[in-house]
Amino acid sequence: ATYLVDDRGRIVVSARDLARRVTAGLHDDEALRLKPYSYAPTVEQMVQGRSGNAQFERDGKEVLVVWFRLTGLGWFYLAEAEYAAVVGGG
């Protein structure tokens, strides 16, 4: 999965959103509600403006996540995948 994440670690858009229309800003007098990325240590690094990578367990599976700061926006491009799929172990 891939995401565009803001400087506070909140998911702005994910690749899964490509199948539906995504709007930004105000809609029907409500601010867009952004959910934080699920792995807190990654969010902490993003809040500090750092690119990086991490490995953690979710639902019994090892997950590899990498994130890169987009300098012009101050936001991040984040990609995650099951560790075994990346290293060829499953």
Side-chain angles (χ1 to χ4, degrees):
T2 58
Y3 304 91
L4 180 62
V5 181
D6 73 7
D7 59 347
R8 293 170 52 191
R10 300 174 305 174
I11 298 169
V12 176
V13 67
S14 76
R16 295 178 189 131
D17 292 329
L18 294 177
R20 62 183 176 175
R21 184 180 170 163
V22 176
T23 59
L26 299 178
H27 181 69
D28 294 333
D29 297 324
E30 289 188 32
L32 185 64
R33 292 188 179 107
L34 304 177
K35 296 179 182 179
Y37 182 68
S38 62
Y39 187 58
T42 296
V43 171
E44 291 169 13
Q45 293 292 309
M46 287 189 274
V47 168
Q48 294 175 16
R50 297 181 181 153
S51 298
N53 63 75
Q55 184 177 336
F56 63 96
E57 187 174 314
R58 179 192 299 142
D59 301 327
K61 297 181 181 179
E62 288 296 313
V63 175
L64 179 63
V65 59
V66 296
W67 62 96
F68 180 77
R69 187 171 183 268
L70 304 170
T71 306
L73 285 174
W75 289 2
F76 294 84
Y77 177 77
L78 183 145
E80 69 174 30
E82 287 186 19
Y83 183 81
V86 174
V87 298

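Only heavy atoms go into these numbers, but all of them, side chains included; no hydrogens, no water, no symmetry mates.
Taken together through direct or relayed side-chain contacts under 4.5 Å among Ile, Leu, Val, Met, Phe, Trp and Tyr, Val13 and Phe68 form part of one hydrophobic cluster. Connection of Leu70 to Val12 is established within a shared hydrophobic cluster, with ILVMFWY side chains joined at heavy-atom distances below 4.5 Å, either directly or through further cluster members. Hydrophobic clustering of Ile, Leu, Val, Met, Phe, Trp and Tyr side chains at less than 4.5 Å, counting indirect connections, keeps Leu64 apart from Tyr3.
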Practice task
Take Asp6 and Leu34 through the test side-chain contact (heavy atoms from CB on, under 4.5 Å) and record every step on the way to the result.
Solution key: CA-CA 9 Å; Asp6 73 7; Leu34 304 177; 3.8 Å; yes

Exercise for the section: I would like to know whether Val5 and Met46 meet side-chain contact (heavy atoms from CB on, under 4.5 Å); could you show each step before the answer? Expected result: CA-CA 9 Å; Val5 181; Met46 287 189 274; 3.7 Å; yes

Practice task
Before giving the answer on side-chain contact (heavy atoms from CB on, under 4.5 Å), spell out for Tyr37 and Leu78 the whole-Å C-alpha distance, their side-chain angles and the decisive distance to 0.1 Å.
Solution key: CA-CA 10 Å; Tyr37 182 68; Leu78 183 145; 3.7 Å; yes

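Closest of all the heavy-atom pairs between Val86 and Ala81 is CG2-CB, 3.7 Å.
In Arg8, the CZ atom is not crowded: 12 or fewer heavy atoms of neighbouring residues, nucleotides or ligands sit closer than 6.0 Å.
Using a cutoff of 4.0 Å between basic side-chain nitrogens and carboxylate oxygens, Arg50 and Glu44 are not scored as salt-bridged.
Between the CZ atom of Arg58 and the CD atom of Glu82 there is a distance of 9.5 Å, given to the nearest 0.5 Å. Of the inter-residue distances, the one linking Ser14 atom OG with Lys35 atom NZ reads 10.5 Å to the nearest 0.5 angstrom. Between Gln45 atom CD and Phe76 atom CZ the span is 9.0 Å, to the nearest 0.5 Å. For the atom pair CG of Leu4 and CD1 of Ile11, the computed distance is 10.0 Å after rounding to the nearest 0.5 Å.
Relative ring orientation between Tyr39 and Phe56 is described as parallel, the plane-to-plane angle staying below 30° on a 0-90° scale split at 30° and 60°.
No side-chain donor-acceptor contact under 3.5 Å links Thr2 to the backbone of Ala79.
Contact of the Trp67 side chain with the Thr42 side chain is registered, since non-hydrogen atoms from C-beta on lie closer than 4.5 Å.
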